[in-house]
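Everything below concerns the one structure shown next.
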2 protein chains.
Amino acid sequence: METINKKILLVEDDPNFGIVLKDYLSMNDFDVTLAKNGMEGFEKFKKDNFDICILDVMMPYKDGFTLAKEIREKNENVPIVFLTAKTMKEDVLKGYKAGADDYLNKPFDSEVLLMKLKAILQRKASNGLADSKKFEFTIGGFHLNSKLRFLKYKDTESIKLSPKENELLRLLALHENDLMPRELALTKIWRDDNYFTSRSMDVYIAKLRKYLKVDDTVEILNIHGEGFRLVIKTEGE
Amino acid sequence: METINKKILLVEDDPNFGIVLKDYLSMNDFDVTLAKNGMEGFEKFKKDNFDICILDVMMPYKDGFTLAKEIREKNENVPIVFLTAKTMKEDVLKGYKAGADDYLNKPFDSEVLLMKLKAILQRKASNGLADSKKFEFTIGGFHLNSKLRFLKYKDTESIKLSPKENELLRLLALHENDLMPRELALTKIWRDDNYFTSRSMDVYIAKLRKYLKVDDTVEILNIHGEGFRLVIKTEGE
DNA sequence: AGTACGTTTAACCTAACCTTAACAAAAATG
DNA sequence: CATTTTTGTTAAGGTTAGGTTAAACGTACT
């Protein structure tokens, strides 16, 4: 498993710096794809599977934050590291809100970057990586494709799911018949756990229940104060 | 919703800075334990369960790295964030080698710290924490799942239990056939031992007895002035 | 500007939960 | 055996979490 080098998407508009950094990372056994701007970065992201994304914040056309958001919509797990020239608090906060995993101010030491990357990859490795790859589920009579974001019941037309609907249902499915803690969904999907996000989540639970109503072997149960449980009643028995 | 606050171990030798930081984090809904040096930090770490550790690097007797290593020996998962006054590359590298999750140079912005903590906890929330807690019990003809909070008798519909019912029954089951002291339940579940909580507990005992009535091999007995006993009459005999 | 879509916020209602009170029954106490 | 203390049980009350719908908001696309 460890034979294949980790793939990095590096998006950096300064060509000199970009090349230097790419070479440095390549020398350290990373498989680096370099993109010169946000647009190109997103295209390349869609076409491949990266283990980590390093995004410059200041870029023409599409800045790093916007790109990060787009990336997050496609993939909620891939680690994102921002590079920025200035130490602006706003930027840092914005970055973390966009789902950053780390943040580096230029000029930074390349060795430090390397250590950060290693630390991040290590963390990811310890987490259930299998989960992040799983995107197809059978839920009673339903089939959920959470990559393409649709839900199909038997031979009926498939329903399109919004990003939040999709992620929530996916999390529930990942914990099929088991408790899916409120807190988990809130931190993973809403990235904040407060009264409003919690209410928002309830709204989405209601939406999902509506979709699932056609199949009475499938149900979303509440465990008061804890979270929800997607139960699938197995036949007979 | 009663989300229990995340526990932070903060080890910082500068008393002024330590207090300020502790207060700031407390204000932001963290449950902070402050230790004044590495030694004390490790003692406190062993005595409790923390969600995250924030360690100053420069400390008398035992520096942050040494402490981090000791902590890692006890727990290889808990996130560790270092604080350091100087931007020394050596230190940063050493920190990551010691298993750091992040690194902050003083002076740092407190909001940035907050975001980092959130980002780290979010990452951690994604892996299912290995809850070594025991939550499944067989009580005569009953099956109690105290994680999903339900009680099932043979092949009947399972009953949903409220948090208090569930915790109380779980405590009783944990002490099956043995004395479960009043005081224990009151301090563990009600977090206070007074006349009213005690009466409340009696109400819950009554509720549990009602649930358990269908199986006459199971019974909750009172031991006057001491507590309760969940007895399970084994067959034959 | 206008439309479409996804998401959040507000509002209102119901269900779940916990405590308290009230009264009855046991058990201890002297 | 009268009295106090503890426990058993039920029901009322208050508080919070959750269910649901609709309106408001925001952003992207026309």
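Note that the structure is predicted; figures quoted are calculated from it, not measured. In what follows, chains carry the letters A, B, and so on, assigned in the order in which the sequence lines appear, proteins first and then strands, with residues in each chain numbered from 1.
For Asp192(B), the side-chain hydrogen bond (donor to acceptor under 3.5 Å, both in side chains) test picks out Asn194(B), with sequence neighbours left out.
The stretch residues 174-186 of chain B participates, sequence neighbours left out, in these salt bridge (Lys or Arg N to Asp or Glu O under 4.0 Å) pairs: Arg182(B)-Asp202(B). Sorted pairs that involve residues 154-164 of chain B and meet salt bridge (Lys or Arg N to Asp or Glu O under 4.0 Å), not counting sequence neighbours, are lacking altogether.
Relative to the axis of its first five pairs, the axis of the last five pairs of the helix from dA1(C)-dT30(D) to dG30(C)-dC1(D) sits at 30°, rounded to 10 degrees.
When rounded to the nearest whole Å, the span between CG of Leu212(A) and P of dG19(D) equals 14 Å. Protein atom OH of Tyr211(B) is 14 Å distant from nucleotide atom C1' of dT10(D), rounded to whole Å. If you measure from atom NZ of Lys210(B) to atom C1' of dG8(D), you get 11 Å, rounded to the nearest angstrom. Protein atom CE of Met180(A) is 11 Å distant from nucleotide atom P of dG18(D), rounded to whole Å. In this structure, Phe228(B) places its CZ atom 7 Å from C1' of dT7(D), rounding to the nearest Å. Put simply, OH on Tyr195(B) is 10 Å from C1' on dT6(D), counting in whole angstrom units. The separation between Leu186(A) atom CG and dG18(D) atom P is 10 Å, rounded to whole Å. Look at CD1 on Ile220(B): it is 14 Å from C1' on dT9(D), rounded to the nearest Å.
At the heavy-atom level, Arg182(B) lies under 4.0 Å from the strands shown only through sugar-phosphate atoms.
Across residues 198-206 of chain B, Arg199(B), Ser200(B), Val203(B), Tyr204(B) each have a non-hydrogen atom less than 4.0 Å from an atom of DNA chain C (numbered order).
Of the possible donor and acceptor atoms, one in the side chain of Asn177(B) sits under 3.5 Å from a partner among the backbone N and O of Ile232(B). Judged by distance alone, the side chain of Asp215(A) and the main-chain N or O of Gly141(A) form a donor-acceptor pair under 3.5 Å. Side chain of Ser146(B) to main chain of Phe135(B): a donor-acceptor pair is present (N/O by atom type, distance under 3.5 Å, no hydrogens or angles). Not a single donor-acceptor pair under 3.5 Å links the side chain of Asp31(A) to the backbone N or O of Ile8(A). Proximity of a side-chain donor or acceptor of Arg149(A) to a complementary backbone N or O of Asn166(A) within less than 3.5 Å is not detected. Side-chain atoms of Glu219(B) never come within 3.5 Å of backbone atoms of Leu221(B) as a donor-acceptor pair (strictly under, hydrogens ignored).
Look at Glu136(B) and Lys147(B) and you find no salt bridge, because none of the NZ, NE, NH1 or NH2 atoms lies under 4.0 Å from a carboxylate O.
The span of DNA chain C lying next to chain B, judged by atoms under 4.0 Å from heavy atoms, is bounded 5' to 3' by dC17(C) to dA28(C).
With Phe142(A) as the fixed residue, the ring-ring contact (aromatic ring centres under 6.0 Å, His included) test singles out one of Phe150(A), Tyr153(A), Tyr211(A), Phe137(A): Tyr153(A).
Remark: Lys207(A) is not in phosphate contact with dT21(D), judged by side-chain N or O atoms under 4.0 Å from OP1 or OP2.
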